[in-house]
Every structure is written in C-alpha cells, then in structure tokens.
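In each ligand, atom 1 is the first atom listed, and ligand 1 is the first ligand listed.
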Amino acid sequence: MRRTRLLIMGFAIAFLFLAQVASAQSPAPKVRAAEDGLALTPPMGWYPWNEFGQEPQNEQLVKDTVDALISSGLKEAGYVYVGPDEGICFSRGADGKLTSNLARYPSGLRGLGDYIHQRGLKYALYTDAGARTCSKAMPGTEDHEFDDMASFAAWRTDYLKVDWCNTQGLAHHSPAVHNDAMDERDVAPAYTKLCDAQLAAGRPIVFSLCSWGVGEPWKWAASVGHLWRTTGDIANPGHADWSNAMKNAAANEKLYAAAGPGHWNDPDLLINGMGGLSETQNRSFFSLWCIMAAPLMASNDLRKMTASTIQIMTNREAIGINQDPLGVQGHIVRKEGQAEIWAGKPLFDGSQAVLVFNAGTAPAEIHVNWSDIGSAESATLYVRDLWTHQTMGKHRGGLTVNVPAGDVALLRISKSRAFPVPPVIVADTYWLSFHAAGPAPQTLKGAITVKITGSDELPLWKVRAGLPSWLTVAVTKHGKSQTLANTVSTAGLAKGPYHVVVRADNIEPVSRRPMSALYYDVDLEVGGAGGHTGR
Ligand code: GLA
C-alpha cells in the first residue's frame, strides 16, 4: 500500500517537474492589456477617414461631431473614442518636438482633448511609424518615437492609431537590406519600439496598429498593442465600397483565433451611414462587424445621419454581442450556397450568437442546425432575433429562417429566455480640473458619474491604490449609476500644477470577467491663475 502511494507520489512529482519544464519552455504569450486593462471589449468610437479623408478636419468639425455623437444616442450606446484620424493635426517644430496645428485646431491638441474628456468621451489621435503620414501632410514618428509618445501623452490622448506609410527607412534590424520596398520584417520591431515609447511616456493609451496586415500582426501584436488592422482600407474617402467591405470581412474572418479581450483583429472602420449603402447593407455590415468582435469605429458624418442609420448603429442587442466580455470572435461554421452561418461565439450568459447572412441575390430559407452551435439537435432552445427584438419560443432540432437577398438574421440562442445585455459604460466626464487660489489649505470636491447601460448592476468600481496624498476617491452606487467622489486637499502642497490619472477596475457580474479599466484625469492647480474651478 505504502509502496503504491510512494510510486504515485513519485509519478506526480515527475509530472509536475515535466509540466514546469514545459511551461518554462513555452511561457504564455504576454498580452499588453493584461497590465493596462484597456479595450477588454472591442473599442467603439469615431474616426472620420472613410467619409472625410484627411482634408476638411478641424476643431469645429470634431467638436460638432462630438455633439452629434452625444445627441444622436451613439455615446449612450457605447461609442467613446473620438478623434480626427489623419486630420492634419500637428507638425514638427525646430526643436524636433510635435506642435499642434493651431490654424486648424485653435485650442491646440490638448484643448481639443479637454473638450472631448469634459463630455465623457475619450480622445483618439493618429500618427505613422514612418517618416511621414500617408498623405505626407504630417510627420511620422520615425526616429522621434519617444518624444512623440511624450507629446501624445501630454495632449492626453487615450487611443492612438499608428499607420504604416513611408516606412522604407525603417530597415534598422538589417542594414544590409536597403531598398525602397517596404520590408515586412520591420513591422514588429517598429511597433514594439513604439509600444516601449508609449510605456515610457506613462499614459495608458489604446494602441491601434495599422499595417493593413503587413507583417501578420495577429501573430505577435497582442503583447504590443490592443488592435491591429488585418486588411487594406475598406473605402476611399467619401465612397462606401460594398465588395471591398466583403473582402475585408472574408480575410478577417479567418483570423478569429487571434482575437480576445484586449487584442482584436481590426477589419477597418465602419462604413455604416455612408452614401451608396442600402438599409439592408447597413444592417448586414453592422451584424458582420458585431459577430466578428471587430472594433466599432464609426466613420460617417455623424451630423447627418438618417433615423435608420442611427437605429442600426445604436442597436444595443447587436452591440451586446460585439461587446461581450468573453471577447470571442465569431466565424463561418458552414456555408450553403450563398448562405453563410456564422457562429463559434459563446456569450457571457451561456447563450450563443449566430449570424445567418444571405450573400445571394434571391431570398433564401436557411436552416441553422443546433450542431452549428455545438448543441445536441434534441435540445430545446430559445431564439432571440436581435433586429426585430423578438424572442421566439422553444425550438428543437434547429431553426429555419427566411432571409431576404443580401440580408441577415442576427440571433442569440439560449437554454434560458432571459437574454441579458452586457454592460456598456457611459460617463458624464473623464476630466476633473481643480484650482486652489492662494496658499491657505483648501478642500475641493468634484464627481464623476458612471452609468451602466446593460441588464445588470455592477459591483462597486475599485479605485487603484497609489493615489497622490492630495486626492481621495470614494465610490457610491445608486442602482446602475455609480459616483466617484473626488476630494482634493491642498494642505502642505507647494504652488504649482499637479496631475494624476485615476484608474478604477471592475468585473462584469454574470461572467465575472474583468471590465476594461476606467481611467480619468484629475488636475489641480495650486495658486497661479488657473483655468478651471471644480469640474
Ligand atoms: C491609411 C489608413 C487609413 C487612414 C489613412 C489616413 O490609409 O489605413 O485608415 O488612416 O491612412 O491617411
């Protein structure tokens, strides 16, 4: 008996040892988002390239877009990162540092960021890994990586897209190779350097790599950034191109295994709401991007949206599968003629997302097998249609849907009738700015209110330890809203500016998966003129 136990223990020790050796040999790949907690669901926001290109952007356009994003309901639906893309934002000064283009952005790039933050949105900017940006209108980061990332941090950027144009000079790793052709071996080292520069700048920033698939970023970029383009541009500015969009979807679909919380495949900006798309195409396109867990970065003119465009882009049930905390990218599990069955997307509550896309030119009756979602055909399951918002009774042995030409059925299938929607965070502001006049100690207060749109309340946000001595934050909850009450005390502080980025963390209560970290800026000016009091 004893011998057998010893033998078993011996085997167990040997097994543990071998397992340790194996794991030492193949450590789990590092994911950048595991540290910063950013973009744990696909980023949502607005970048104007598809509609506008780089030309007409200026401060007023971005501000008007911010206002339209809020008044149309897009903010409430979760669109949060906003910025001018290649909007001719900056040049390089004689000192080698970036400087805002004040002719186009009179408040400067920091001022534009403040406007965005004050409205509870996050600030997105754009640059390039090469010598110049794609239109050549702006300098790229080549040989200025650390200085430029410091500028983006000083402008309070929260999201940075880094393009891959004019990178011919980047063959650093291999001086022997010197030609004008873009070398895809440069991609990983160049973006890794930019990641190091961002980390050195100290501001948490969503890093969006834009090498259009060059250098196969899905194989290595999760440790460097939060999303990477998998394809070329979806549109030439001003023109939605349906066949190009379908090409991007097909290429992106194959890469589903690489996506997950904090590291996303990006088949490019949305074409929703652009001229030339039918309502059916708008719905089908949005459904594809939702089931692919693709970033939902609107790229249309938000000031001129039809009711139908708004209704499609703010469909919280469709957005719910895109923003699902499990972060699985759905893919095609079966094709029948021109019909595609997309599945492989388990959701946070145990249900499954399914997209039936009739890519043909005639209406079709399409059968979804329960085996398409890994269930026994004998199972009886509830089905919810995410476009008609109807829950259909129990089905056994699958379900047949009638889908018009080019249209979709976007479904959730579940053992339960509940169909909860995961949370989306909507904040009233991401910036608190305090000014204490004079040297006498003062106590100042300001609050951030965070609302949850989704079925369940969240636990209390947990503020990260390590706040400076002048700031305390207390969190209280009133149903789906939470208040982060900030108290600033100037006792013992010398005259001057103070700044901190506050981080709070939470979990989604059904799946218990981490939510994207909540960050906001707090400024304090002691003495001096000061620009803001309270919020
Ligand atoms: C590239 C990118 C686009 C856009 C433009 C700006 O083409 O892929 O998304 O940012 O540059 O010039």
Side-chain angles (χ1 to χ4, degrees), residues 42-58 61-62 65 81-92 98 101 104-105 109 123-142 148 152 157-168 170 182 184 186-187 190-191 194 205-218 221 225-241 244-245 247-249 251-252 255 264-274 285 289 294-301:
M44 296 176 68
W46 180 81
Y47 251 140
W49 174 256
N50 283 355
E51 185 69 48
F52 295 104
Q54 75 270 7
E55 259 315 314
Q57 276 92 296
N58 57 33
L61 174 67
V62 178
T65 298
Y81 294 102
V82 181
D85 203 316
E86 187 178 1
I88 321 193
C89 300
F90 48 77
S91 54
R92 197 173 294 292
L98 296 182
N101 177 349
R104 275 177 188 263
Y105 302 90
L109 290 176
Y123 189 25
L125 284 173
Y126 162 99
T127 186
D128 189 283
R132 303 290 296 173
T133 55
C134 291
S135 71
K136 301 211 163 101
M138 283 153 65
T141 54
E142 184 178 345
D148 286 8
F152 288 112
T157 311
D158 306 303
Y159 179 113
L160 189 67
K161 169 174 168 183
V162 184
D163 221 330
W164 189 246
C165 284
N166 306 307
T167 49
Q168 295 86 343
L170 280 178
M182 196 166 54
E184 65 177 47
D186 298 333
V187 182
Y191 282 115
L194 284 160
I205 293 185
V206 176
F207 187 13
S208 159
L209 286 75
C210 182
S211 70
W212 328 294
V214 176
E216 302 185 316
W218 47 89
H226 303 87
L227 63 157
W228 47 81
R229 284 276 296 276
T230 54
T231 64
D233 287 2
I234 198 161
N236 284 324
H239 305 279
D241 179 336
N244 211 29
K247 223 171 69 194
N248 279 15
N252 193 69
L255 305 170
W264 309 105
N265 290 315
D266 175 7
D268 207 1
L269 307 166
L270 302 180
I271 54 171
N272 288 103
M274 294 180 71
F285 178 87
W289 260 237
L296 298 181
M297 296 294 284
S299 194
N300 54 324
D301 187 343

*Asks:* So Tyr159 and Tyr81, would you call those rings parallel, tilted or perpendicular, with 30° and 60° as cut-offs?
*Replies:* tilted
*Asks:* Locate the shortest heavy-atom distance separating Val162 from Asp128; write the atom from each residue and the value.
*Replies:*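 Minimum heavy-atom separation between Val162 and Asp128: CG1-C, 3.7 Å.
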*Asks:* Could you tell me if the side chain of Asn272 sits less than 4.5 Å from the side chain of Asn300, heavy atoms only?
*Replies:* no
*Asks:* What residues, two or more places apart in sequence or in another chain, satisfy side chain to side chain contact (heavy atoms under 4.5 Å, CB included) together with Thr230?
*Replies:*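 Partners of Thr230 by the side chain to side chain contact (heavy atoms under 4.5 Å, CB included) criterion, ordered by chain and then number, come out as Trp218, Trp228, Asn252, Leu255, Asn265, Pro267.
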*Asks:* For ligand 1, what are the residues with a heavy-atom contact below 4.0 Å?
*Replies:*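 Only Trp49, Asp85, Glu86, Tyr126, Cys134, Lys161, Asp163, Cys210, Trp212, Arg229, Asp233 have heavy atoms that fall under 4.0 Å of ligand 1, ordered by chain and number.
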*Asks:* Looking at Ala235, is its backbone amide N or carbonyl O close enough to the side chain of Asp241 to form a donor-acceptor pair, meaning the two atoms are under 3.5 Å apart?
*Replies:*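 Between the backbone of Ala235 and the side chain of Asp241 there is no qualifying donor-acceptor contact (under 3.5 Å).
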*Asks:* Is the distance from the ring center of Phe207 to that of Phe152 below 6.0 Å?
*Replies:*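 Distance test on ring centres: not under 6.0 Å, no.
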